[in-house]
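Naming convention: chains lettered A, B, ... in sequence-line order (proteins, then strands); numbering from 1 in each chain.
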Amino acid sequence: MTRERRLVETFVEVADTLVDDFDVIDLLHLLAERCVQLLDVDAAGIMLIDQRGNLHAAAASAENARLLELFELQTDAGPCVDCCRTGAPVVNADLTTNAAGWPRFAEAAQASGFVAVHALPLRLRESVIGALNLFAADSRILTDDDVRVGQALADVATMGILSQRGIHQAELLAAQLQNALNSRVTIEQAKGVLAERRQISVDEAFTLLRRHARDHNLRLSDVARGVADGSATAAELLPAVQEGSEF
Amino acid sequence: MVSDRMAIVLALLDRTSAPNGAGGGLSMTACAAASTALGVDGLCAVVGTGAGGTVLAFGAQAVSAALEDLQFTLGEGPSLEAVASGVPVLAAELAAGAGRWPAFTGPAIQLGVNAVFAFPLRIGAIDLGTLTAYRATVGPLNPGQITDALALADAVTLTVLHRQAADGAGRGAGQGAGQGAAPDDQPGPGWAAPVTYRAEVHQATGMVSVQFGVGLAEALARLRAFAFGRDLLLADVAADVVARRLRLDEEDR
């Protein structure tokens, strides 16, 4: 498939999601996954700003602890922090030269096998509400076209966050961000519950949660909530005894 | 970002809110200062949503209590809606939205309340209640006040969490590993620190809740009490739990 064709399909898919009763974390995951495919990078994630101005991971193309750690490392310093502060993209930042002023993040990213990193802002008029973070395992340059596509996907993420169900007032930006981050917290709680009940890793727990949501056409947040608070929607995910095998 | 004024309130909360402290987490001073920051006449944190709901903090006490009673009796209103939807409910002009809460609106206005803003007290799937602010004059909260209110709700959520855990321990419900959350714990710096979005903290909360057969709220309170009691970073304790290097009960033996 040509990139143009994939682009078209992605925007059709995303538009379909946005007009439906979508789950914001599901949408952000989808966008992160599509970034990896469309921009030929190796990992992508979306970070959002909380009401105290700190950045937190909301979704990643691959839900593994190592990658999430790379997002969390940027709470204080990193490309996403720079991007959010200036509102400008951080593109083709070379991790090896350590020139950008976040040695701790650069070291961790390199240890995970990445050599280049990019951050594109999630913009809303004059505010920045977060950043799209891209990681590459080779030093291939992100072209201007790549940046435009990435920025369009970041803009879609912004639109999705602003149109979450239940919050209708446009001025409630802080509440919308908090709601998205709170959905993320619920997912983490559910990962913990499931990991302990089934004696699996939290990464495996996420895979089970997401597969269950997709197989049953449920919203990821609803499944996570069902697991976290023990309500019936996800009963089959939770074995009465600890088996740790396939369900 | 949180305003300087609200930052002072949060610092006050941090210092004064023992898990079982007088005032239940929101002293009159903190409450008055918070009301000023939010430009409202009163604030009220309510734990639980049913008959057992407890009014924790007051502005003008009679009005707060009457507002909550009204909603509980009628089964409708902004606070109840905030609990049900999990998102803030901002009624900047009660009279304009009379169709939304037909039974509640008239009596609320008679109490002299014309604007109500309700924020859920929650951490992921943990739902504890609401923080409700009200005002005699109509008009919205500005974006800065909304940010302040969200940060305040965050801090109040944690003080409520620890208060409940301490109450539970006091009733003998928190045996064994619950020692960490016992009432003799002194509040330390960071007691009401903001809810961290760090993934492991919430993963560990889920794991601890299964390990001890307790709710998520108590599990998080135990984790935090464990960390603070040993002067450890919450994130480090959580990471150890998630990596299965640490079980809170083993450490207590």
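Your options are B/Gly206, B/Ser209, B/Ala235, B/Gly124, and the one with the most heavy-atom pairs under 4.5 Å with chain A is B/Gly124. For chain A, the option among B/Leu150, B/Val2, B/Thr205 with the highest count of heavy-atom pairs below 4.5 Å is B/Leu150. Interface remark: of the candidates A/Lys191, A/Arg184, A/Gln178, A/Gln189, A/Gln189 forms the most heavy-atom pairs closer than 4.5 Å to chain B. Of the listed residues (A/Thr186, A/Ile49, A/Asn54), the greatest number of heavy-atom pairs within a distance under 4.5 Å of chain B belongs to A/Thr186.
With a threshold of 4.5 angstrom between heavy atoms, B/Asn142 does not approach chain A through any atom at all. At a 4.5 Å heavy-atom cutoff, B/Leu220 makes no contact with chain A through either its backbone or its side chain. Looking at B/Ala204, there are no atoms closer than 4.5 Å to chain A (heavy atoms on both sides), in backbone or side chain.
The local environment of CD in A/Gln110 is crowded, with over 12 non-hydrogen atoms from other residues, nucleotides or ligands closer than 6.0 Å. Taking a 6.0 Å sphere around CZ of B/Arg5, one finds it holds 12 or fewer heavy atoms contributed by other residues, nucleotides or ligands.
To the nearest 0.5 Å, atom CD1 of residue A/Ile187 and atom CD of residue B/Gln203 are 11.0 Å apart. Note that the CG atom of A/Asn179 and the CZ atom of B/Arg122 stand 4.5 Å from one another [nearest 0.5 Å].
Taking all atoms of both residues into account, the shortest heavy-atom contact from B/Arg244 to A/Ala195 is NH2-O, 2.9 Å.
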